A.B. asks: 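Please see the structure below; I have some questions.
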Amino acid sequence: MTENTYYKPRLLIGDKEVFGSMSGNISFSGNSQVNSCTCKITDPAFQNHRLYGKELKVYLNYGSDDGVPIFRGFIKEVKPNDTETNIVAIDSRMFITGANSRMVELTDDENYDGSSVSGFLFDFISNKINTNDTYIGLDFLSDTNPIISMSGERTSSPTPVYEIATKKLNKAIDDADIEKPLTYFIDMIDDGVKNNITIVKEKSLSDSPSLYLSEATGLISYTFNRRLPATYAVAGGATFQHTNEPKGSVGISISGNFKDKNEARTQAIKELLLNNRETEEINIKANKGHYIALGSIVNLKVENSDIDGNHRLTSKKIGFSDRGVSLSLTLNKKPIVLSSYIN
């Protein structure tokens, strides 16, 4: 692990700092997945404590003490042995995701018809989760454009709230500029007191980068690979053929209710080209960029025309220990123009 020793990470469980040898990894996996932290500690003060469910915070402290943790979550798993304690924590979405979370059953009598996805989250979290304390902040929650309605959404059994919300959010595509369609994902924003759930729209690749990386500034190494792009998409009885399939036939199926085949075909075009936008995955090791948010624009300056330029940050992983900090970033591919394919 290539560590940056200018960082002086601190790990806190509850209101107590962990001393002694410690190490861990923080994963910001993107695509609305929960953020997680796995760590190992040797501090004997925590070996006999009941740690499950306690708040865990990690501060990176670059040059000075940070006021906001890079990660805040709650301990989900504890495995002690005679020399160390292994801990897994996930962000506060743990209260609305997974089999052990608070669930909801949507029926014709009890539902969220008329609410948006953000309205659904706001109401459920306010009334079912934040009853005794603020576990999931709501200060940064807003609607998508277009707004995705919960009308007609039903479940056959109790279902995790987050599963419902992320499924609905997959339908939100801002195509106001048909040349540059943008999707949405759910993330967390820490305000120094609590972790707030938020719905984030992708940034346009023409936006100003939040981070510049080159072999002279910040970039340690990179690799990239490609997968075969989808060549056709099927939706609502309509098929869109993208290419003449020189490298083989790869298809995707789009589910949903469409008023006619023209609407279904248009949706197939959007989904296929959004899918193909990420056929290249760039993996980077860097010594700066630890604090930038998912979805930020990263400018990569390298002697490779395939990947030189602006990209979106889709995930990141931070390794930390009492020796320093390391950083890995994943960037996605530049988008494909849509307007050429829509009649």
Side-chain angles (χ1 to χ4, degrees), residues 3-29 34-98 100-102 125-141 162 187-198 290-291 293 316-327:
E3 293 177 320
N4 190 326
T5 57
Y6 287 102
Y7 291 85
K8 303 297 181 184
R10 295 174 62 214
L11 174 64
L12 283 79
I13 297 176
D15 57 357
K16 295 182 179 181
E17 183 170 358
V18 176
F19 295 100
S21 177
M22 59 94 175
S23 63
N25 290 288
I26 306 169
S27 296
F28 302 88
S29 299
V34 297
N35 305 324
S36 64
C37 176
T38 60
C39 56
K40 295 180 181 181
I41 61 174
T42 59
D43 190 336
F46 291 91
Q47 286 185 336
N48 297 317
H49 280 241
R50 295 180 178 177
L51 301 179
Y52 185 87
K54 288 201 171 189
E55 187 179 60
L56 181 148
K57 293 178 287 186
V58 180
Y59 295 85
L60 295 185
N61 299 326
Y62 180 68
S64 61
D65 288 345
D66 291 342
V68 175
I70 193 70
F71 175 85
R72 183 195 301 264
F74 294 87
I75 294 175
K76 182 181 180 182
E77 186 177 311
V78 182
K79 292 182 178 179
N81 58 43
D82 57 348
T83 60
E84 62 187 21
T85 301
N86 295 273
I87 295 171
V88 177
I90 62 175
D91 69 52
S92 54
R93 284 173 286 183
M94 72 174 287
F95 295 105
I96 55 174
T97 188
N100 296 322
S101 67
R102 188 70 181 268
I125 292 169
S126 296
N127 295 308
K128 303 296 184 181
I129 304 299
N130 295 344
T131 53
N132 299 317
D133 201 352
T134 303
Y135 296 102
I136 305 176
L138 300 168
D139 295 347
F140 294 88
L141 192 58
Y162 199 63
D187 201 4
M188 305 300 290
I189 298 176
D190 202 296
D191 61 11
V193 177
K194 60 187 181 301
N195 229 348
N196 296 271
I197 193 167
T198 185
H290 302 71
Y291 294 100
K316 68 177 179 178
K317 186 174 184 179
I318 298 173
F320 66 92
S321 72
D322 41 9
R323 299 184 303 276
V325 170
S326 65
L327 175 66

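The structure displayed is predicted, hence computed values, not measured ones.
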A.B. asks: Taking S27 for its side chain and S29 for its backbone only, find out whether a donor-acceptor pair lies under 3.5 Å.
C.D. replies: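 Not confirmed, S27 side chain does not pair with S29 backbone.
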A.B. asks: Mind checking what makes ring pair (Phe, Tyr, Trp, His ring centres under 6.0 Å) contact with Y135, not counting sequence neighbours?
C.D. replies: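 Y135 satisfies ring pair (Phe, Tyr, Trp, His ring centres under 6.0 Å) with F95 only.
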A.B. asks: Check side-chain hydrogen bond (donor to acceptor under 3.5 Å, both in side chains) between Y291 and all other residues, then give those that pass, not counting sequence neighbours.
C.D. replies: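 Y291 satisfies side-chain hydrogen bond (donor to acceptor under 3.5 Å, both in side chains) with D66 only.
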A.B. asks: Once you round to the nearest 0.5 Å, how far does CD1 of I70 lie from NZ of K57?
C.D. replies: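 These two atoms lie 14.0 Å from each other.
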A.B. asks: First locate atom OH of Y52, then atom NZ of K76, and finally report the distance between them rounded to the nearest 0.5 Å.
C.D. replies: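 Going from OH on Y52 over to NZ on K76, the span is 7.5 Å.
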A.B. asks: Is K316 reaching over with its side chain to a backbone N or O of H290, donor-acceptor style, under 3.5 angstrom?
C.D. replies: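 Checked: pair present.
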A.B. asks: With sequence neighbours excluded, what pairs up with D43 under the salt bridge (charged side-chain N to carboxylate O under 4.0 Å, His left out) test?
C.D. replies: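 Once residues adjacent in sequence are excluded, D43 has no partner under the salt bridge (charged side-chain N to carboxylate O under 4.0 Å, His left out) criterion.
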A.B. asks: Which label fits Y62 and Y6: parallel for a plane angle under 30°, tilted from 30 to 60°, or perpendicular past 60°?
C.D. replies: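 The arrangement is perpendicular - the two ring planes meet at more than 60°.
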A.B. asks: So which atom in F71 and which in A89 form the shortest heavy-atom distance, rounded to 0.1 Å?
C.D. replies: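 It is CZ-O, 3.8 Å.
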A.B. asks: Would you check if T85 and F46 make a side-chain contact, meaning some heavy-atom pair closer than 4.5 Å?
C.D. replies: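 No - every pair of side-chain heavy atoms lies 4.5 Å or more apart.
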A.B. asks: Check whether any side-chain heavy atom of F28 sits under 4.5 Å from a side-chain heavy atom of D187, and report yes or no.
C.D. replies: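 Counting from C-beta outward, F28 and D187 never come under 4.5 Å.
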A.B. asks: Looking at every non-hydrogen atom in both residues, tell me the closest pair between P9 and N61 and how far apart they are.
C.D. replies: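 Looking at all heavy atoms of both residues, the shortest contact is C-ND2, 4.5 Å.
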A.B. asks: Any side-chain hydrogen bond (donor to acceptor under 3.5 Å, both in side chains) involving residues 189-198? Give me the pairs, sequence neighbours left out, ordered by first then second residue.
C.D. replies: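 Qualifying pairs, neighbours excluded: R72-D190, D139-K194, D191-K194, D191-N196.
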A.B. asks: If you compare all heavy atoms of P69 against all heavy atoms of Y59, which two are closest, and at what distance to 0.1 Å?
C.D. replies: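 Looks like N-CE2, 3.5 Å.
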A.B. asks: Can you measure from CG (L56) to SG (C37) and round to the nearest 0.5 angstrom?
C.D. replies: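 Those atoms lie 5.5 Å apart.
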A.B. asks: Mind checking side-chain hydrogen bond (donor to acceptor under 3.5 Å, both in side chains) for N127 and listing every partner two or more places apart, or none if nothing turns up?
C.D. replies: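 By the side-chain hydrogen bond (donor to acceptor under 3.5 Å, both in side chains) rule, N127 matches D123.
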A.B. asks: Side chains of residues 16-23: which donor-acceptor partners sit under 3.5 Å, not counting sequence neighbours?
C.D. replies:
| from | atom 1 | to | atom 2 | distance (Å) |
| --- | --- | --- | --- | --- |
| E17 | OE1 | R10 | NE | 3.3 |
| E17 | OE1 | R10 | NH2 | 3.1 |
| E17 | OE2 | R10 | NE | 3.3 |

A.B. asks: Using side-chain heavy atoms (C-beta onward) and a distance below 4.5 Å, is M94 in contact with V34?
C.D. replies: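 SC-SC contact between M94 and V34 ruled out.
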A.B. asks: To the nearest 0.5 Å, what is the distance between OG1 (T131) and CZ (R102)?
C.D. replies: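 Interatomic distance, T131 OG1 to R102 CZ, rounded to 0.5 Å: 8.0 Å.
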A.B. asks: The criterion is side chain to side chain contact (heavy atoms under 4.5 Å, CB included); which residues satisfy it with N81, sequence neighbours excluded?
C.D. replies: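 Result, side chain to side chain contact (heavy atoms under 4.5 Å, CB included) vs N81: T83, E84, N86.
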A.B. asks: Say you draw a straight line from CD1 of I13 to CD1 of I87; how long is it, rounded to the nearest 0.5 Å?
C.D. replies: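 If we round to the nearest 0.5 Å, I13:CD1 and I87:CD1 are 3.5 Å apart.
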A.B. asks: Check whether any side-chain heavy atom of N35 sits under 4.5 Å from a side-chain heavy atom of I26, and report yes or no.
C.D. replies: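 SC-SC contact between N35 and I26 ruled out.
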A.B. asks: Using the test side-chain hydrogen bond (donor to acceptor under 3.5 Å, both in side chains), find all partners of Y162 that sit at least two apart in sequence or belong to another chain.
C.D. replies: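 Y162 satisfies side-chain hydrogen bond (donor to acceptor under 3.5 Å, both in side chains) with R93 once adjacent residues are dropped.
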A.B. asks: Mind checking whether T134 and V193 have side chains closer than 4.5 Å, heavy atoms only?
C.D. replies: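 No, their side chains stay 4.5 Å or more apart.
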A.B. asks: Any chance you could measure L60, atom CG, to L327, atom CG, to the nearest 0.5 Å?
C.D. replies: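 With rounding to 0.5 Å, CG (L60) is 9.5 Å from CG (L327).
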A.B. asks: With a 4.5 Å limit on heavy-atom distance, are the side chains of I125 and L141 in contact?
C.D. replies: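 Counting from C-beta outward, I125 and L141 never come under 4.5 Å.
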A.B. asks: Side chains of V58 and I318, heavy atoms from C-beta outward: is any pair under 4.5 Å?
C.D. replies: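 Result no, sub-4.5 Å side-chain heavy-atom pair not found.
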